[in-house]
Amino acid sequence: MIKPLSPSACRFLPAGDYDLAMTLNCGQAFRWRQGADGRWEGVVAGRWVQLSKVGKCIEAKTATPQRNWDWLDGYLQTGVDLDSILRTFPKDSPMQQAVKACRGLRLLRQEPWECLASFILSATKQIVQIQQIIECICARWGQKVEVPPGHKPAYSFPTPEVLAGCTEADLRECKMGFRAKHLHKTALMVVNGQLDLAGVNRVPLEEARALLQTAPGVGPKIADCVLLFAYGFAQAFPVDVWVQRALCELYFQGRKIPKSKLRLFAFEHFGPNAGYAQQYLFHYMRMAKKRLGEIDVRSQNVVRQRVKTGN
DNA sequence: TACCAGGAGAGCG
DNA sequence: CGCTCTCATGGT
């Protein structure tokens, strides 16, 4: 007789070639926060969890002992062989630079409802602001989850039932603006069965995208985000303003190409894991901009210094 | 202060 | 189809 593994609130997941910080902070998920000790805290599948990289493992701590950790393995996708994915990328220079800069970046497998709702709220918002809106709706309409002593309270992501029960005005109190109508209507569709989130992964990519796009506030870009980040359609290729700029500059000599055409180009050019390639390009561009920002600040300081000293 | 943000949808020619 | 305008709010 096999003795069942005893429940534990701590676990080490083998995770070589896995950049945890980049993965949790690259704009695919919005609820991870870094504590003072540098560890990442979040809520996955209704459970508080704290993550940190220890050598070639991810150390996970929970508030309550766990017998089964499948919920976390699935979320982090630690079983994915990254190298076999990177090998399918095109060998052009932009792509190789992005891979070099973002080595270890992974795609998570998020819960469909949270992912869909989050990206409805993402429309023409900066990532910092998306994080704030989502934090607000979780604190208001999520359920309190157990946390270890001494930690800030944490909340689950609010269910479609709860959000459908809110008024649009309630939702607007979390500063989501015109997205409130979209979120509310979509929540209603999920509750009354007009949008079957469980059915999305049972059909091919194009059909799945069309299903998601029946929800208000969900067009091609947001649908592709959900297909990629929640359903594991590795070829889904979200084209936002960043990726559009990147593709136009890197592959079209700066000519402005419509997003619909870029999606078709990407589907062909980047291959079966186009979605992974997209995330590498997206994060690569954002890091590059951040670096430029820092240089800009330095030159500004130099200018201020000159003004001060009269040079 | 102005510009812009991981867009979508409607109206127009 | 492709372009433009609006939607709400706050970061930089």
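Order of the sequence lines fixes the chain letters, A, B, ..., with proteins taken first and strands second; residue numbering starts at 1 for each chain.
- Taken residue by residue, residues 131-141 of chain A places no heavy atom nearer than 4.0 Å to DNA chain B.
- Under a 3.5 Å cut-off, the side chain of Trp71(A) and the backbone N or O of Asn68(A) do form a donor-acceptor pair.
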Would you mind writing out the side-chain donor-acceptor pairs for residues 141-150 of chain A within the sub-3.5 Å range, not counting sequence neighbours?
none

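- Heavy-atom nearest nucleotides on DNA chain B were determined for Cys26(A) and for Gln213(A), and the one closer to the 5' end corresponds to Cys26(A).
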Task: Base versus backbone protein contacts along nucleotides 4-9 of chain C [heavy-atom cut-off under 4.0 Å; B, S, -] - done: ---BBB
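- By the side chain to side chain contact (heavy atoms under 4.5 Å, CB included) test, Arg109(A) pairs with Gln77(A), sequence neighbours left out.
- Among pairs with a residue in residues 192-232 of chain A, those fulfilling ring pair (Phe, Tyr, Trp, His ring centres under 6.0 Å) read Phe119(A)-Phe229(A), at least two apart in sequence or across chains.
- Using a 4.0 Å cut-off on heavy atoms, none of the residues of residues 105-118 of chain A approach DNA chain B.
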TODO: Convert the base pairs of DNA chain B into dot-bracket notation, remembering that pairs crossing earlier ones are written with [ ] and that bases paired across to another strand are shown as |; include only Watson-Crick or G-U pairs under 3.5 Å.
DONE: .||||.|||||||
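- A side chain to side chain donor-acceptor pair (under 3.5 Å) check over residues 17-30 of chain A, counting only residues at least two apart or in different chains, returns the pairs Asp17(A)-Arg103(A).
- The side chain to side chain contact (heavy atoms under 4.5 Å, CB included) test applied to Gln96(A) returns Lys91(A), not counting sequence neighbours.
- A nucleotide of DNA chain B counts as in contact with chain A when one of its atoms lies under 4.0 Å from a heavy atom; the first and last such, 5' to 3', are dA5(B) to dG9(B).
- Within 4.0 Å (heavy atoms only), Gly217(A) reaches sugar-phosphate atoms of the nucleic acid but no base atom.
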Give every donor-acceptor pair under 3.5 Å between a side-chain atom in residues 257-283 of chain A and any protein atom, sequence neighbours left out.
{"from": "His269(A)", "atom 1": "NE2", "to": "Asp92(A)", "atom 2": "OD2", "distance (Å)": "2.8"}
{"from": "Asn273(A)", "atom 1": "ND2", "to": "Thr88(A)", "atom 2": "OG1", "distance (Å)": "2.9"}
{"from": "Gln278(A)", "atom 1": "NE2", "to": "Gly275(A)", "atom 2": "O", "distance (Å)": "3.3"}
{"from": "Gln279(A)", "atom 1": "NE2", "to": "Cys26(A)", "atom 2": "O", "distance (Å)": "3.2"}
{"from": "Tyr280(A)", "atom 1": "OH", "to": "Leu105(A)", "atom 2": "N", "distance (Å)": "3.4"}
{"from": "Tyr280(A)", "atom 1": "OH", "to": "Leu105(A)", "atom 2": "O", "distance (Å)": "2.8"}

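- A heavy atom lying under 4.0 Å from DNA chain B marks the following residues of residues 228-253 of chain A, by number: Phe229(A), Pro238(A), Asp240(A), Val241(A), Trp242(A), Val243(A), Arg245(A).
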